[in-house]
2 protein chains.
Amino acid sequence: MRRLAVELDSSAMAIYRHVRDKDQLLVLLLDRLAAVVPRPRLPREPRRRLITACRAMRDGLAEYPWVVDVLAQGDLIAPSILWLMEEIVAGFVACGLSHAEAADGYRAVWQFTVGELIIKRGLERMANLGRPPYVLEVLTTVDPERLPTLAALAPHWAGARARDSYDIGLTALIDGLIADAPGR
Amino acid sequence: MRRLAVELDSSAMAIYRHVRDKDQLLVLLLDRLAAVVPRPRLPREPRRRLITACRAMRDGLAEYPWVVDVLAQGDLIAPSILWLMEEIVAGFVACGLSHAEAADGYRAVWQFTVGELIIKRGLERMANLGRPPYVLEVLTTVDPERLPTLAALAPHWAGARARDSYDIGLTALIDGLIADAPGR
DNA sequence: ACCTGAACACCGTTCAAGT
DNA sequence: ACCTGAACACCGTTCAAGT
C-alpha cells in the first residue's frame, strides 16, 4: 500500500477511501487481469479442448507472479474467468464424466495448476537470488546403497526441471480422470 | 524472529548467533519435522504402494501449515524425507516407467501435492476468518444461459469441497502417468 | 563465545484532522 | 467527498557495545 501510494503521488491512506483493505484491492486487480486473458481457439475434440483450456488458464495465471499468492490465500475466484471454467467442466462432461465427477475433476486440475505455478515461481525466485540449486545438489549426491532408484535417477532431474512440466502432469491427470470415471 | 525471541526469553538478535537468517531456521525446522514423519506400512503392489507413499508425504506435510509456505519458497528439500521420495520413484519404475519418466512423474505428483495443500489451507484460513464461502456463492448463481454446464454443476461444488480431494486427483494422476508411459 | 539494545528500513492499518 | 500526517503495532536484520 505504501509503495503504491508513492507511485500514485499520494498518501498511503488515500487508497483506503476507495478500497476496504489490501486483500480487496488484490481481488479487484485479479478480476481486471482475468478479464484480459485471451480467449484461445479451442479444438473441437473434447480431450484436446480440455487440455487447451487448462493450458490457457495456467498461462493466464503465470503472467503475473503475485496472482498465485492471491489465489492461494483462499476462497477466491475472478468472475471474468468463469467462461474458461465452463469450457473445462464442459470438456469433462463431453468426455463422459458425470456432473459430480466433473466437479471433482475441475478441483483436481485446479490443484495441479496452482502447485505447478507455485513451484515454478519458487524455482525462478531462487535462481534470481543467485542461490545454487540445492535440491539438485542433494539429489545428485544420494547414497546408491540406501536409495538405489533415486541414485539412478540423478542424471534426469536437471532435464525434468528445465522442461515445461505442466503438460506432462496435466495430460496424465486428465487421462486418468477420464479413465477412472466409473462410466467406462 | 521477534516472537520466537519472546518465547525464548531472549532478544531477537540472540537467535542470529545460531542461525544465518529466518530462512535457514525454517529449513532446519523442516528437516526436524521430516525426520519424524512416520514410516507407513507400504503395500507390495506397486501402484497401491505409490499411492500410499504419496499419501504419507501429503499427510506429513499437512501436519504444520507453515511447512507448505517454506517449501513453496523455492528450491528446498529435507534430506530426511528422501526415503519417501525413493519409494515413490521406485514405485513408478516398478509400474513400467523409464527413469526419465519416473523423474517427470515425481515432479507431477509433487506439484499436485503442493497445490492441494495450499488450496486446502486457503479454504481453512477463510473459514477461520469467518468469511462466507465467496467461490461457492459465485458458482451457485451462475447464468445458465451463458454457462450451462457450470450452472448444472452448482449443486456439486459444496460436496466436492467437503470431500478429501487428494486421493481422487492423485489416483487419476498416477494412473494417467502409468498409462501415458510409451512403454505400454 | 554469546547476548543485548538501539537503530534502520520496512509493513498494513486506525484515527483525528484538514480541504 | 476526498485526502493528509501522525501514530500504532508489527516485521527481519545490521551494527556497535557489552559480559
Side-chain angles (χ1 to χ4, degrees), chain A residues 1-34 61 63-78 114 117-119 121-135, chain B residues 1-34 61 63-78 114 117-119 121-135:
Chain A
M1 304 304 273
R2 287 173 123 106
R3 267 178 295 151
L4 175 58
V6 170
E7 211 130 334
L8 296 172
D9 273 320
S10 82
S11 79
M13 291 320 300
I15 303 165
Y16 287 82
R17 282 287 126 188
H18 307 91
V19 121
R20 185 165 25 84
D21 56 12
K22 195 190 169 188
D23 273 7
Q24 201 200 4
L25 194 153
L26 286 172
V27 171
L28 290 170
L29 204 47
L30 183 67
D31 207 53
R32 283 281 173 108
L33 287 180
L61 295 171
E63 206 96 355
Y64 301 91
W66 58 266
V67 170
V68 203
D69 294 290
V70 177
L71 289 168
Q73 289 276 321
D75 203 37
L76 292 177
I77 198 166
V114 169
L117 287 169
I118 293 225
I119 287 165
R121 208 209 13 181
L123 289 179
E124 280 161 9
R125 182 137 56 99
M126 285 304 190
N128 288 341
L129 251 67
R131 298 217 194 169
Y134 174 60
V135 170
Chain B
M1 304 304 273
R2 288 173 122 107
R3 267 178 295 151
L4 175 60
V6 169
E7 212 131 333
L8 296 172
D9 273 318
S10 82
S11 80
M13 290 321 299
I15 303 165
Y16 288 83
R17 282 288 126 188
H18 307 91
V19 119
R20 184 165 28 84
D21 56 13
K22 196 189 167 190
D23 273 7
Q24 200 198 6
L25 193 154
L26 286 172
V27 171
L28 290 169
L29 203 47
L30 183 67
D31 207 54
R32 283 281 172 105
L33 287 181
L61 295 171
E63 206 96 357
Y64 300 91
W66 60 266
V67 170
V68 202
D69 294 290
V70 176
L71 289 168
Q73 289 275 322
D75 204 38
L76 293 177
I77 199 165
V114 168
L117 287 168
I118 294 229
I119 285 165
R121 208 209 14 180
L123 289 179
E124 279 161 10
R125 181 137 56 98
M126 284 304 189
N128 288 342
L129 249 68
R131 297 216 196 170
Y134 174 60
V135 170

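Values reported hereafter were calculated over all heavy atoms of this structure, with side chains retained and with hydrogens, waters and symmetry mates removed. Proteins come first, then strands; the chains are lettered A, B, ... in the order of their sequence lines, and each starts at number 1.
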TODO: Calculate, to the nearest 0.5 Å, the distance between atoms CD1 and CD1 belonging to A/Ile118 and B/Ile118 respectively.
DONE: 3.0 Å
TODO: Return the set of residues passing side chain to side chain contact (heavy atoms under 4.5 Å, CB included) with B/Ala12 (not counting sequence neighbours), or none when no residue passes.
DONE: B/Arg2, B/Ala5
- [ ] Mind checking the CG-CG spacing from B/Leu30 to B/Leu71? Nearest 0.5 Å is all I need.
- [x] 5.0 Å
Open item on the list: For residues 11-32 of chain A, which residue pairs pass the side-chain hydrogen bond (donor to acceptor under 3.5 Å, both in side chains) check, not counting sequence neighbours?
Closed with: A/Asp31-A/Ser80
- [ ] Could I get the full list of side chain to side chain contact (heavy atoms under 4.5 Å, CB included) partners for A/Leu4, not counting sequence neighbours?
- [x] A/Leu8, A/Ile15, A/Leu25
- [ ] Of all the heavy-atom pairs spanning B/Val114 and B/Val68, show the shortest one and how long it is.
- [x] O-CG1, 4.2 Å
Open item on the list: Just to be sure I follow the notation: if a pair is Watson-Crick (purine N1 to pyrimidine N3 plus N6-O4 or O6-N4) or a G-U wobble (N1-O2 and O6-N3), each under 3.5 Å, what dot-bracket string does DNA chain C give, with | for pairs to another strand?
Closed with: ||.|||||...|||||.||
Open item on the list: Considering only residues two or more places apart or on different chains, which pairs with a residue in residues 63-73 of chain A satisfy salt bridge (charged side-chain N to carboxylate O under 4.0 Å, His left out)?
Closed with: A/Asp69-A/Arg121
Open item on the list: Please give me every residue in residues 19-26 of chain B whose heavy atoms get under 4.0 Å of an atom in DNA chain D, ordered by residue number.
Closed with: B/Asp21, B/Lys22
- [ ] Check side chain to side chain contact (heavy atoms under 4.5 Å, CB included) between A/Tyr64 and all other residues, then give those that pass, not counting sequence neighbours.
- [x] A/Leu33, A/Trp66, A/Val67
Task: A/Val70 versus A/Leu76, closest heavy-atom pair with distance - done: O-CD1, 3.1 Å
Open item on the list: Rounding to an integer number of angstrom, what distance separates D/dC10 and C/dA9 when you compare their P atoms?
Closed with: 22 Å
Open item on the list: Using the side-chain hydrogen bond (donor to acceptor under 3.5 Å, both in side chains) criterion, which residues pair with A/Arg125? Sequence neighbours excluded.
Closed with: B/Gln73
TODO: Name the residue closer to the 5' end of DNA chain C, choosing between A/Ala12 and B/Ser11 according to the nucleotide with the nearest heavy atom.
DONE: B/Ser11
- [ ] Identify the 5'-most and 3'-most nucleotides of DNA chain C with at least one atom closer than 4.0 Å to a non-hydrogen atom of chain A.
- [x] C/dC11 to C/dC15
Task: Sub-4.0 Å heavy-atom contacts from residues 1-10 of chain B onto DNA chain D, ordered by number - done: B/Met1, B/Arg2, B/Arg3
